[in-house]
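These notes concern the structure reproduced below.
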Amino acid sequence: MRLERREMTQNSAATPSVRVRFAPSPTGFFHIGSARTALFNWLYARHCGGTFILRIEDTDKERDTEEALRVLIDGMRWLGLDWDEGPAVGGDFGPYFQSQRGDIYREYLQKLHNTGRAYEKDGAVWFRVSGKPALIRDVIRGDVSRLEEKDFVIVRSDGSPVFHLVNVVDDIAMRITHVIRGEDHLSNSSKHVELFHAFGQTPPIFAHIPLILKTVGSGKMSKRDSGSLVEEYRRRHFLPEAVRNYLCLLGWSPKNDREILSPSEMTQLFELSGINHNNARFDEKKLAHMNGEYVRRLPFDDFCCRAMPVLQEAHFLDGDVAADYIHSVLRICQEKLRGLEDIGTFCAYFFSENFPRDEKSWEKISRGGEPLARASEFLRAARELDEFAAENLEALVQQLADAHGRKTGEYIHAVRYAVSGQSVGPGFYALLQVLGRERVCRRLEALVKST
RNA sequence: GUCCCGUUCGUCUAGUCCGGUCCAGGACACCGGAUUUUCAUUCCGGCAACAGGGGUUCGAAUCCCCUACGGGACGCCA
């Protein structure tokens, strides 16, 4: 795979190898919008056989960067966005933390002083603009011209360099070919283009991607909005591949009506020119739907591996639970789950006698018949059954229904509620078989006696 | 206020560059039906959009202009 990519770049000899970067500042959160920016950079690098760089813009000393960096790195890894250069992996253009690049910034700043483009005022260093409109070459928007009218600060009076300067210097020093970032930076880009020219450099190609808007209300999504943080989905046991898949479809489309895409399909089809121009509203329901689809499609073994931590977290496995039993439960539940986070409520009655009961379903069942009577009839018959297996149970319910002139559904509803407290769940007969005769009869007895 | 970007079903989008095959396709959500057990699974069906107005053209969702609306940026934040 790696070799193939290298070959591809060599074949398109005229274009230098693509180098893109994701340059977050560690704030302690990994915003879903940042994640998508990272994803688009990653996809483009992988598509072109280029290099994906992770650069940490940690110029704010106030924050607890240790912990904040962890959130970022964990989030990136969780989403499967591996970087070729950056923290933990190194590279030829480091260091990859801006807090460690002071000498490089001073060196570049000197160039601006030498050419008269930088001057001091009020203790800060200012950049002298050219007075001409900057041309922003953007693969998504086309050419955008913008006049940067006023000089701006590039080094604060406390000596620390400003974002605009370090961003451009790093992009030059790291030989970035494409700057893929949020549209909120489009207006900044005229400043950056001016700086590139002042350093005697051709600016990189820009790709300003549309923003992600709040689900309801106006404005872009912020970290305060529900569902806006990557770590939240991780905590809720969403599958990272589902989150990644949803994110790549927000502002980009493979143009063939396909939605579930494997990573290799994604990287193969991804093009910057195919990115939309307009902002997209975030839709948690669609994400949840996609997550459910991924969960149901998981190979069973894989599903088990991912479900185990969820069972543990719900304390379902605190006692001694046989591995076979767990597997049987998971086997019948997988096809019905909307997401791993539902396991807590969906599977509780398999592991505890102290499971929640949905009173509303009971009322509904009671309105339509006499569930207690059906439960008693079933209980008597179930005790006598030779073998407590799905086929036998199905035959038994059919017999009861025939004998009493009732619908099988009446027995099923009553018994399901008695043993699970729910009106929904896995296939009924499989459910009983997995629970086993002893547990089923005990729960039926409890219900019949209690009323 | 100034500058920049945008505008197809409620939402994400295909179609726009290269005008006719689009009385606009897919998906989520919603509504209905089927699976003679439910359902949150699966299958089938339904609802629903080219922001408005002017051009150009035999013909415009697609090209041009204006208006309206939405978004972003205007920091010694990043």
Side-chain angles (χ1 to χ4, degrees), chain A residues 23-27 34 57-60 62 98 121-126 133 136 138 140-142 144-150 152-164 166-167 181-191 208 210-216 218-220 246 249-260 273-274 276-290 292-293 295-296 333-339 342 345-346 361 364-365 394 397-398 401 407-417 420 422-429 431:
Chain A
S25 67
T27 58
S34 302
E57 309 218 333
D58 59 344
T59 48
D60 192 338
E62 307 292 302
Q98 286 187 336
K121 191 177 93 183
D122 305 329
V125 180
W126 295 66
I136 303 156
D138 190 303
I140 298 171
R141 324 251 151 210
V144 177
S145 296
R146 208 181 105 93
L147 176 67
E148 199 58 46
E149 289 174 297
K150 292 186 290 189
F152 54 93
V153 170
I154 49 177
V155 180
R156 297 181 198 97
S157 43
D158 70 358
S160 61
V162 170
F163 160 73
H164 300 113
V166 297
N167 199 263
R181 53 167 34 159
E183 203 210 299
D184 47 346
H185 283 294
L186 185 53
S187 308
N188 286 150
S189 292
S190 44
K191 287 188 178 71
H208 286 96
L211 302 179
I212 297 178
L213 269 26
K214 293 177 200 282
T215 307
V216 289
S218 64
K220 59 177 177 175
Y246 173 73
L249 259 23
L250 211 52
W252 174 79
S253 145
K255 319 239 181 269
N256 58 6
D257 288 343
R258 299 258 331 275
E259 294 205 323
I260 302 284
S273 56
N276 289 139
H277 296 190
N278 46 319
N279 297 340
R281 226 171 252 282
F282 189 77
D283 186 353
E284 260 190 278
K285 282 189 177 162
K286 185 147 186 176
L287 203 202
H289 173 265
M290 190 164 269
E293 244 181 88
V295 167
R296 279 171 251 118
C333 289
Q334 181 180 11
E335 59 171 345
K336 298 280 184 160
L337 282 174
R338 289 161 122 191
D342 288 352
T345 52
F346 199 83
S361 343
K364 199 174 155 197
I365 298 166
E394 186 165 4
V397 168
Q398 192 60 57
K407 285 205 226 164
T408 53
E410 291 188 57
Y411 291 93
I412 289 163
H413 286 135
V415 176
R416 181 191 286 283
Y417 181 83
S420 76
Q422 308 282 316
S423 61
V424 300
F428 177 67
Y429 303 108
L431 161 69

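Owing to the predicted nature of the structure, the values given are computational and were not obtained by experimental measurement. All chains are named by letter (A, B, ...) in the order of the sequence lines, taking the proteins before the strands, and each is independently numbered beginning at 1.
A distance of about 7 Å separates the C1' atoms of B:rA61 and B:rU16, rounded to the whole Å. For the P atoms, the distance from B:rG32 to B:rC47 is 15 Å, rounded to whole Å. Between B:rG20 and B:rU56, the distance separating the two C1' atoms is 16 Å to the nearest Å. Nucleotides B:rA24 and B:rA40 are separated by 33 Å at their C1' atoms, to the nearest Å. On the P atoms, B:rU11 is 15 Å away from B:rG52, given to the nearest whole Å. Across B:rG53 and B:rA27, the matching C1' atoms stand 33 Å from one another, rounded to whole Å. Taking atom P on both B:rU8 and B:rU62, the two are 13 Å apart, rounded to the nearest angstrom. On the C1' atoms, B:rC22 is 28 Å away from B:rC43, given to the nearest whole Å.
Checking B:rU38, B:rA29, B:rC12 against the side-chain heavy atoms of A:Ala280 singles out B:rC12 as nearest. Taking only side-chain atoms of A:Lys255, from C-beta outward, the nucleotide of B:rG15, B:rC4, B:rC12 with the closest atom is B:rG15. The side chain of A:Lys286 sits closest to B:rA27 out of B:rG6, B:rA27, B:rC76.
Between the side chains of A:Ser420 and A:Arg416, no donor-acceptor pair is found at a separation under 3.5 Å.
Here B:rU36 presents its P atom at 10 Å from CD1 of A:Ile412, a figure rounded to the nearest Å.
Judged by distance alone, with hydrogens and angles left aside, A:Asp283 brings no side-chain donor or acceptor close enough to the base of B:rA29 to form a pair under 3.5 Å.
Under the Watson-Crick or G-U wobble criterion, with both distances below 3.5 Å, B:rA34 is paired with B:rU42.
Looking at which nucleotide of RNA chain B each of A:Lys364 and A:Lys407 is closest to, the 5′-most match is held by A:Lys407. Annotation: of the two residues near RNA chain B, A:Lys220 and A:Glu149, the 5′-most nearest-nucleotide partner is A:Glu149.
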